[in-house]
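I have placed the structure first, in the form of structure tokens, so that the comments after it can refer back to it.
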Number of protein chains: 2
Amino acid sequence: MFVEIDFNSDEAIYLQLCNQIIYGIATSQLQEGENLPSVRELAENIGINMHTVNKAYSILKQEGYLKLDRRKGAVIAIDINKLQAKNEMRDEMRYVLAKAFCKNISCEEAKDIVNEIFNEFAK
Amino acid sequence: MFVEIDFNSDEAIYLQLCNQIIYGIATSQLQEGENLPSVRELAENIGINMHTVNKAYSILKQEGYLKLDRRKGAVIAIDINKLQAKNEMRDEMRYVLAKAFCKNISCEEAKDIVNEIFNEFAK
DNA sequence: TATCTGTTATATATTTAGTATAACAAACAT
DNA sequence: ATGTTTGTTATACTAAATATATAACAGATA
């Protein structure tokens, strides 16, 4: 796997896992229908506890990025609720952009960065 | 003050405080040079502990939004390090936009929301 | 002098995060 | 059939983060 955990980060391990898997889907390093490692395997691989991986997978399932199946394990399966996703994005973005605005970053500069990041994603 | 704490949120109180004060600056409800309430006063006002407010103020100071003065108290004073601010924004934005991309939100739609939010700010 | 600032210190309770074992039922390969 | 692998659940524990409660200090101020 491409996952890299920073154990010195102040961000919780399970959140780092969630974010990196979502980023992996966006950059199509992980594709719809593809299997993730089992909770035990990934935990072993990273060197963390099974339950920490399980927590990440459960959240990703609840947020509509995975389906968990006893036979096949964790499978990428995007459930799209665009309206909800947009509202969540707006709420998260509000504080990120407030910081930017206070630091004299313009709307144009912010949108340039949005372009930049979208170019990292699959076309 | 305009601060509203959601005690049922999973977000820490001191973080809610930081975010709302930054948003307050961006929307010019708080202006450069203006005084914030003292840590004791704001704590009393919201109904939380003095140290929780103090933690928020200390972080805002360290991130360059406030100066703390024994005589005048906490004063809005923006320290602009644009390059650093841009890099931080990019890192925070990356995972917000990865989520959006997975949910079929387009680059244009994301930029529309950036416009929308910037319109909430002072001109 | 009394009061208000931020600041620091100590102690404590609560919650969250992470680990450690263990067990279960469903699926599956041999 | 047997043994293994899947997610899932339960319990117990440690450590860290969060929030509260008092208390005290030095500098500034009225």
Side-chain angles (χ1 to χ4, degrees), chain A residues 1 3-22 30 33-79 95, chain B residues 1 3-22 30 33-79 95:
Chain A
M1 276 279 281
V3 172
E4 288 255 344
I5 299 300
D6 176 3
F7 290 97
N8 294 320
S9 170
D10 55 342
E11 193 174 36
I13 295 174
Y14 77 96
L15 283 179
Q16 291 186 50
L17 254 178
C18 284
N19 280 333
Q20 292 196 26
I21 289 171
I22 291 172
L30 294 170
E34 187 174 337
N35 274 72
L36 286 178
S38 77
V39 287
R40 289 170 178 83
E41 192 184 337
L42 184 53
E44 171 89 11
N45 205 315
I46 302 176
I48 60 175
N49 192 273
M50 190 197 81
H51 292 97
T52 306
V53 178
N54 194 51
K55 187 171 184 176
Y57 279 16
S58 297
I59 290 173
L60 289 172
K61 176 189 177 188
Q62 201 230 316
E63 294 188 351
Y65 296 94
L66 295 182
K67 280 185 180 166
L68 299 179
D69 193 318
R70 273 219 181 76
R71 22 189 194 175
K72 288 188 283 178
V75 181
I76 309 290
I78 309 291
D79 170 56
Y95 295 114
Chain B
M1 276 278 281
V3 173
E4 287 255 343
I5 300 300
D6 176 3
F7 292 97
N8 294 320
S9 170
D10 54 342
E11 194 174 34
I13 295 174
Y14 77 95
L15 282 179
Q16 291 185 51
L17 254 179
C18 284
N19 281 332
Q20 292 194 27
I21 289 171
I22 291 172
L30 295 170
E34 187 175 338
N35 273 71
L36 286 179
S38 76
V39 288
R40 289 170 178 85
E41 192 184 338
L42 184 53
E44 171 89 11
N45 205 315
I46 303 177
I48 60 175
N49 192 273
M50 189 198 82
H51 291 96
T52 306
V53 178
N54 194 51
K55 186 171 184 176
Y57 280 16
S58 298
I59 290 173
L60 289 172
K61 176 190 177 189
Q62 199 230 319
E63 295 187 351
Y65 296 94
L66 295 183
K67 281 186 180 166
L68 300 179
D69 193 320
R70 274 217 182 78
R71 11 176 211 187
K72 288 189 283 180
V75 181
I76 308 290
I78 307 292
D79 170 57
Y95 295 116

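In what follows, every chain begins at residue 1, and chains take the letters A, B, ... in the order their sequences are listed. Just so it is clear, the structure is predicted and the values come from calculations on it, not from any experiment.
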Distances for protein N or O near nucleotides 28-30 of chain C N or O, under 3.5 Å:
none

Got a second to check how far [X]'s [atom1] is from [Y]'s [atom2], nearest 0.5 Å?
X	Y	atom1	atom2	answer
A:Ile59	A:Leu66	CD1	CG	11.0 Å
A:Ile78	A:Glu63	CD1	CD	11.0 Å
A:Leu17	A:Leu36	CG	CG	10.0 Å

Give the rounded distance in Å between these two atoms: [atom1] of [X] and [atom2] of [N].
X	N	atom1	atom2	result
B:Leu36	C:dG6	CG	P	9 Å
B:Ile13	C:dT14	CD1	C1'	12 Å
B:Tyr14	D:dT20	OH	C1'	16 Å
A:Asn54	C:dT19	CG	C1'	14 Å
A:Lys61	D:dG7	NZ	P	11 Å
A:Lys67	C:dA27	NZ	P	16 Å
A:Asn8	C:dG18	CG	P	13 Å
A:Phe7	D:dA16	CZ	C1'	16 Å

Under 3.5 Å, sequence neighbours excluded: what are the donor-acceptor pairs made by side chains of residues 47-56 of chain B?
{"unit_1": "B:Asn49", "atom_1": "OD1", "unit_2": "B:His51", "atom_2": "N", "d": "2.8"}
{"unit_1": "B:Asn49", "atom_1": "OD1", "unit_2": "B:His51", "atom_2": "ND1", "d": "3.0"}

**Complete:** Closest heavy-atom pair, B:Ala74 versus B:Leu68, reported as atoms and distance to 0.1 Å, is CB-CD2, 3.5 Å
[X]: partners by side-chain contact (heavy atoms from CB on, under 4.5 Å), with sequence neighbours left out:
X	answer
A:Tyr95	B:Asn19, B:Gln20, B:Tyr23
B:Asp6	B:Asn8, B:Ser9, B:Gln16
A:Glu34	A:Leu30, A:Gln31, A:Ile76

**Message:** Is there a side-chain contact between A:Thr52 and the phosphate of C:dT19, meaning an N or O under 4.0 Å from OP1 or OP2?
**Reply:** yes
**Request:** Would you please confirm or rule out a distance under 4.0 Å between OP1 or OP2 of D:dT18 and any side-chain N or O of B:Lys55?
**Result:** yes
**Neighbour count above 12 (heavy atom, 6.0 Å) for A:Gln62 CD** = no
**Complete:** Considering only heavy side-chain atoms of A:Ala74, the closest of D:dT18, C:dT5, D:dG7 is D:dG7
Short N/O separations, protein against nucleotides 21-23 of chain D, under 3.5 angstrom:
{"unit_1": "D:dT22", "atom_1": "O4", "unit_2": "B:His51", "atom_2": "NE2", "d": "3.2"}

